[in-house]
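Throughout, protein chains are lettered first and strands after them, A, B, ... in sequence-line order, and every chain is numbered starting at 1.
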Protein chains: 2
Amino acid sequence: MKEIEEILERNKIRVTASRLLVYRYLYERRSVVALSEIENAFGRADRSTLYRTIKTFEENRIVHQIDDGTGVLKYALCEPGCNCNIKSDLHLHFHCNECNETKCLTDHKIPPIEVPDGFVAENANLVIKGVCDKCNLN
Amino acid sequence: MKEIEEILERNKIRVTASRLLVYRYLYERRSVVALSEIENAFGRADRSTLYRTIKTFEENRIVHQIDDGTGVLKYALCEPGCNCNIKSDLHLHFHCNECNETKCLTDHKIPPIEVPDGFVAENANLVIKGVCDKCNLN
DNA sequence: TCAGCAATGCAACAGAAGTGCATTAATTCA
DNA sequence: TGAATTAATGCACTTCTGTTGCATTGCTGA
């Protein structure tokens with residue numbers, strides 16, 4: 001928890017109970033989670049508090065948002081060195097159709113894509129769907 | 001309208017007023033539209049009818065669904081030869097952050113992506129965000 | 001013509017995202 | 001330290017989207 005406090009302080013946001021808990025939850029889950037999952041994990045926390053907590057994290061680039069095509073926004077802790085705001089960090093996400101989990105494939109980058117003349121690409125989102133390694137074993 | 005009727009008949013779905021209108025709207029817009037846009041275009045049509053019309057089109061591969069990351073599902077007419085159901089047709093979409101329009105870049109394919117060992121990719125969705133050609137001129 | 005099926009319109013629901021506002025907690029600074 | 005200020009929280013509520021149930025209407029084929 002000490003380290004989490006430091007991370008929050010480094011980002012110049014106030015250290016509060018919900019922020020510590022949400023951060024720890026994201027850290028322990030080590031995957032991509034929806035707001036509703038965080039909600040369920042903390043029975044007695046208020047939705048809008050969790051919502052605003054995640055938004056604060058997002059603004060401070062502590063988490064990044066992922067749209068994996070399930071219709072629900074997901075969030076994941078930025079890995080050390082994750083520059084999700086920068087063009088060069090266009091890593092991709094994998095959504096498993098069996099367990100419904102989404103994973104960041106941090107070390108798989110999106111290959112450079114050409115866009116037609118006149119278009120300027122600023123950002124890219126690539127979600128691969130299929131079966132993940134765990135589900136593949138069964 | 002005659003041609004639209006033929007297309008519907010070819011797909012063995014009944015020719016009805018709402019289907020003709022929705023098809024024509026999609027055809028004239030020639031871009032990627034949300035259900036709510038169709039709704040607004042036909043003031044007096046019922047939402048669920050339009051919803052089911054689009055779903056029918058989707059099942060019959062007349063339109064394909066696009067998740068452009070705005071949180072709203074979009075639909076576009078399949079181009080002649082669009083094999084949106086087939087792996088090899090992983091074309092990508094471009095979302096303009098200025099005019100908020102999404103375009104199919106039909107002739108730009110998603111380059112082959114490697115996934116980690118144990119993962120099986122079945123499908124991919126790639127949305128590039130940036131500024132489109134029209135907005136770039138201004 | 002009429003039975004049967006498909007399409008429509010209306011109402012309603014669920015889930016997620018987002019906001020306003022009063023209350024509470026943390027900080028700042030005199 | 002303690003008052004003033006600013007930020008975070010909790011609650012209630014709204015909006016939007018997707019989706020479904022059901023009764024009604026309309027089409028079609030025997």
Checklist entry - Could you walk me through whether Tyr51(A) and Arg47(A) pass the side chain to side chain donor-acceptor pair (under 3.5 Å) check? => result CA-CA 6 Å; Tyr51(A) 173 76; Arg47(A) 261 202 32 241; over 6 Å; no
Item to check | Evaluation steps, ring pair (Phe, Tyr, Trp, His ring centres under 6.0 Å), between Phe57(B) and Tyr75(B) | outcome: CA-CA 10 Å; Phe57(B) 282 0; Tyr75(B) 302 89; 9.9 Å; no
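Atom-to-atom, CG of Leu50(B) to C1' of dA7(C) comes out at 13 Å; the value is rounded to the nearest Å. One atom, CG of Leu21(A), and another, C1' of dT9(D), lie 14 Å apart when rounded to the nearest Å. Per the geometry, CD1 belonging to Ile54(B) stands 15 Å off P belonging to dA7(C), to the nearest Å. Rounded to whole Å, atom P of dG29(D) lies 14 Å from atom NZ of Lys12(B). In this structure, CD1 of Ile13(A) is placed 14 Å from C1' of dA26(C), rounded to the nearest angstrom. Separating the CG atom of Leu20(A) from the C1' atom of dT9(D) is a distance of 15 Å, rounded to the nearest angstrom. Put simply, CD on Glu9(A) is 13 Å from C1' on dT27(C), counting in whole angstrom units.
When each of Val15(B) and Arg14(A) is assigned the nucleotide of DNA chain D with its nearest heavy atom, Arg14(A) is the one assigned upstream, toward the 5' end.
To the nearest 0.5 Å, atoms CG (Asn97(A)) and NE2 (His95(A)) are separated by 5.5 Å.
Side-chain contact between Pro116(B) and His108(A): present, with at least one pair of heavy atoms (C-beta onward) separated by less than 4.5 Å.
With hydrogens and angles ignored, the 3.5 Å screen pairs a side-chain donor or acceptor of Arg19(A) with a backbone N or O of Arg14(A).
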Item to check | Nucleic acid footprint by protein, nucleotides 10-20 of chain D - heavy-atom cut-off 4.0 Å, B for base, S for sugar-phosphate alone | outcome: BB-----SBBB
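Ring orientation note: the planes of His64(A) and His93(A) are tilted relative to one another, at an angle of 30° to 60°.
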